[in-house]
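Sequence lines set the chain letters: A, B, ... in the order given, protein chains first and strands last, and positions in each chain run from 1.
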Amino acid sequence: MIDSLYNPKAVEGKIYQQWENSGFFNPDKLPGRRQKKFIVYMPLPNVTGSLHMGHSLDNTISDILIRYYRMKGYKALWFPGTDHAGIATQYVVEKELKKKGLGRFDLGREKFIEKVWKWKREYGNIILEQLKKLGCSADWSRTRFTMDPAYSKDVINAFIHYYKKGWLYQGFRTINWCPRCQTSLSDLEVEYKEEKGKLWYIKYPLVKNLTLRQRSGLMVSRVEPSKFNPSTDEQNYIVVATTRPETMLGDTAIAVNPRDSRYTSFIGKKVLLPIQNREIPIIVDKAIDPKFGTGAVKVTPAHDTADFEIAQRHKLPLAQVIDESGKMNDKAGKYAGLKVEEARMAIIQELKNLGLLVKEEPYEHRLATCYRCGHTIEPIPSKQWFLKMDELAKRAEVAVKTKKVEITPKRFKKSYFNWLKNIRDWTVSRQIWWGHRLPVFYCSKRQEGISNSQFLISKQIQNSSAGPFVVSAKKPKKCPFCGTCEMKQSQDVLDTWFSSALWPFAGLSQKDRKKYCPGNLVSNAREILNLWDARMIFSGLEFLKKVPFQVLLIHGTILTKEGKRMSKSLGTGINPLEYIEKYGADAIRFAVIWQSSGQDIHWDETAVIAGRKFGNKIWNASRFVLAQIRNRPPGLTAASTKVKVSRKAKNIKPFTPADKAVLRALKDVKTKTEKYILAFEFSQALRLVYNFFWHTFCDKYLEISKKQIQGEEKLKTNTQKILIYTLLESLKMLHSFMPFISEAVYQNLPKPFRKEKFLLVEKW
RNA sequence: GCGCGAUUAGCUCAGUGGUAGAGCGCUGCGUUCACAUCGCAGAGGUCGCAGGUUCAAUUCCUGCAUCGCGCACCA
């Protein structure tokens, strides 16, 4: 201890290496007899990820707890790992390919997946290395990846389990489709962005005096739209408002609210769908809001998930006019091949020409976009696998209601319950290539199209995953249907969250599963409360028959100083690694905790500076204390045996009012710090220790001690004892928050004071 | 639309039913003797607005305003 400036760079790497080598991150290798366990699950970083502020907060919180419990004599285990992050990772690799002018289809599935694995091997663990820089004491020997063989096996078994239970089923529905990623998305994977669009009011002519033949559904009409003159006859049309006129080609009904008196006389009648010249019925549905637009809605079951549900209720047919690439298909007639935006403008023009466009008004609405690539979502009908949610959601709800899982802060329970209450079945299949391929095998001889002939759907969809199938972990040797064919495995993979939902137990050895499962706590931001946490809870209940953890800690989101979302693409991101480089890991840990009170954080760089300064303060106060005990023999040198007693509180006696004050404050701070940590009020705990150490210990006691040490021998020795005792106790409290510097100082303590090899395993 | 949160010092934020706190910044003074990434002293706030409960409200309640977030099948 020579330098008066604390230099984190000089010690952090070395200390972390020592910790890792000690094996103490592994609870099985911790010293002493330990009965109680404390287990934390790391929020799985994506393999595409690079450490950002959110991770820093998640993991600092987890590390604080793990270190606290480890010092408390628990078998402390922090499970680390990475998520294969299906769409995100595939997207990254596709982007790389694109630079070479290639797409994934150019390579083909096998080769593409090879590329992704290569990418994963190269970059997938970077984030874990970054977490080490932050000082995270996770048990790296237990690192898992969601596509490890053992993990994958559990994922596939979970699929089979649900299937056998009858909770997994294939369904043909209008789902969220990303035309860029070429895959379905679950409701939670859709992000809405405000968009200034338009609301177009369109006239649909009423069909009158139809013949029986016409009623039977033939697409003929006596009223030619072009001849229709709306201004002369109000009774001849119904006006609907829409933001997406191009989807009108796929309309199969007009719906009004049953209580809407304006339309009572229209109910049961038919209108002639302009352009397509198809007759569609006017129906009633309670979902229609009479106050919106004209109160009459065009129903496009194939391209609107809400309309799909209306269609289900009324057994309306589906007419798909947009394909998987976001273009109008051949059912769109002359508009076939156009992109939706192009078709929209062209159709507006045609409606104008026909005199059927009443008006257009500016309208701000929320545009659905893909949460990974940002492309506009195109709802299209598709055959997908769904997991029934009713029972699982109910259990997840009960687990929190009965406090088997405690969500803190409490206010987040509301959004958790709200989601579970309104939940729809989970679309678990994805049409990407990177992920767990569905254990579903189709007979390649027998093809079964979509049986329901009322659907007007594209061939492409019909061919995907059609025909009889078996669900099995391994490919059946013999096809049970035709007996001869080579069965084909489904092309689909599972939703990434299906596998990460199994994180608390999937891929664990039998021994670990018995010993370290379920665990205690997960700490993450609210944005994955439903995406991940809720799904872990019901998955745990299903497969472990227990809640997978008891505490779900939701922390605030770190925003920019201006309150904007941190985002790499917007250039508003702040890289924690730069801070670690500049100020040290302890400083950034200090900063995130200092600022985190449960509210969102407007990131303030000065907090990191405060952290660095505090580190320097600790460093120099320690230098002072060490100098005192080194230079003042006898009785307190490293060689002395008498000094052992000064590790115990009961052997520390105050001689002076200053002694009394500092010892009392120390005792008080210890109690309160512990209380705050257990209540997950880390910021409070840190502030308390900070104030004690800096202002009570350094500013006051250290100064007074200088005088006391000048005094008579007995007072001198006692003061020295108090100094070292207070320092040691402070280091323990500080260790959770600022592990590196506290460890560095600890290792400089002479033997009797430094009892353990590492502060990491000192007794709190 | 419903729900949630915020509104406290120049900036970022803690906090509490009883004469307001931190970090950073600012002003003045102070360096042989742990630390200038320091110490001491100080300036700076009618704790968003309006009511109510209370002996007492920044804190509890109600309403309002502004900002932010989440949810929802308003086409």
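No engagement by A:Thr305 is indicated, since no non-hydrogen atom pair under 4.0 Å with the nucleic acid exists. Backbone-only contact: A:Arg526 has heavy atoms under 4.0 Å from sugar-phosphate atoms and none from a base. Among the heavy atoms of the strands lying under 4.0 Å from A:Glu703 is at least one base atom, whether or not backbone atoms are also near. Looking at heavy-atom distances under 4.0 Å, A:Phe697 makes no contact with the nucleic acid at all. At a threshold of 4.0 angstrom between heavy atoms, the contacts of A:Asn418 are confined to the sugar-phosphate backbone, with no base atom among them. Heavy atoms of A:Trp603 sit nowhere under 4.0 angstrom from any nucleic acid atom. Contact annotation for A:Tyr690: backbone-only contact, meaning every heavy-atom pair under 4.0 Å involves sugar-phosphate atoms and none involves a base. Within 4.0 Å of A:Asp600, counting heavy atoms only, lies no atom of the nucleic acid at all.
With salt bridges taken as basic N to acidic carboxylate O contacts below 4.0 Å, none links A:Lys582 and A:Glu578. A salt bridge does not link A:Lys388 to A:Asp425: none of the charged side-chain nitrogens sits closer than 4.0 Å to a carboxylate oxygen. Between A:Arg173 and A:Glu309 there is no salt bridge, since no side-chain nitrogen of the basic residue lies less than 4.0 Å from a carboxylate oxygen of the acidic one. Contact check on A:Lys706 versus A:Glu703 returns a salt bridge, with a Lys/Arg side-chain nitrogen under 4.0 Å from an Asp/Glu carboxylate oxygen.
When the C1' atom is compared between B:rA50 and B:rG44, the two are found 27 Å apart, to the nearest whole Å. The same atom, C1', is picked in B:rG1 and in B:rU58; the two are 33 Å apart, to the nearest Å. Spacing between B:rU31 and B:rA36 at atom C1', rounded to whole Å, works out to 8 Å. Here the separation of B:rG51 from B:rU59, taken at their P atoms, is 14 Å to the nearest Å. Taking the C1' atom of each, B:rG45 and B:rC11 are spaced 14 Å apart, rounded to whole Å. A distance of about 16 Å separates the C1' atoms of B:rC55 and B:rU19, rounded to the whole Å. Comparing the same atom, C1', in B:rC67 and in B:rU27 gives a spacing of 34 Å after rounding to whole Å. For the P atom pair drawn from B:rU53 and B:rU12, the interatomic distance equals 36 Å after rounding to whole Å.
Comparing A:Leu199 and A:Arg565 by the nucleotide of RNA chain B that holds the closest heavy atom to each, the one mapping nearer the 5' end is A:Arg565. Along RNA chain B, the nucleotide closest to A:Gly598 and the one closest to A:Tyr6 are compared, and the more 5′ of them pairs with A:Gly598.
A cation-pi geometry, defined here as NZ or CZ lying under 6.0 Å from the six-membered ring centre and within 45° of its normal, does not hold between A:Lys421 and A:Tyr416.
Ring geometry for A:Phe614 versus A:Phe693: interplanar angle over 60°, hence perpendicular rather than tilted (30 to 60°).
For CZ of A:Arg313, the number of neighbouring non-hydrogen atoms (other residues, nucleotides, ligands) closer than 6.0 Å is greater than 12.
A side-chain donor from one of A:Thr656 and A:Gln708 sits under 3.5 Å from a side-chain acceptor of the other.
Checking each of A:Tyr690, A:Tyr579, A:Phe740 against A:Phe590 for a ring-ring contact (aromatic ring centres under 6.0 Å, His included) leaves exactly one that passes, namely A:Tyr690.
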In dot-bracket form, how is RNA chain B paired, counting a Watson-Crick or G-U wobble pair only if both its distances are under 3.5 Å and using | for bases paired to another strand? (((((((..((((....[..)))).(((((.......))))).....(((((..]....))))))))))))....

Kindly list each side-chain donor-acceptor pair under 3.5 angstrom involving residues 555-562 of chain A, sequence neighbours excluded, with atom names and distances?
{"unit_1": "A:His555", "atom_1": "ND1", "unit_2": "A:Asp58", "atom_2": "OD1", "d": "3.4"}
{"unit_1": "A:His555", "atom_1": "NE2", "unit_2": "A:Asp58", "atom_2": "OD1", "d": "3.0"}
{"unit_1": "A:Thr560", "atom_1": "OG1", "unit_2": "A:Glu562", "atom_2": "N", "d": "3.3"}
{"unit_1": "A:Thr560", "atom_1": "OG1", "unit_2": "A:Glu562", "atom_2": "OE1", "d": "3.4"}
{"unit_1": "A:Thr560", "atom_1": "OG1", "unit_2": "A:Gly563", "atom_2": "N", "d": "3.4"}
{"unit_1": "A:Thr560", "atom_1": "OG1", "unit_2": "A:Lys564", "atom_2": "N", "d": "3.0"}
{"unit_1": "A:Thr560", "atom_1": "OG1", "unit_2": "A:Lys564", "atom_2": "O", "d": "3.4"}

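Using a 4.0 Å cutoff to heavy atoms of chain A, the contacted part of RNA chain B runs 5' to 3' from B:rG3 to B:rA75.
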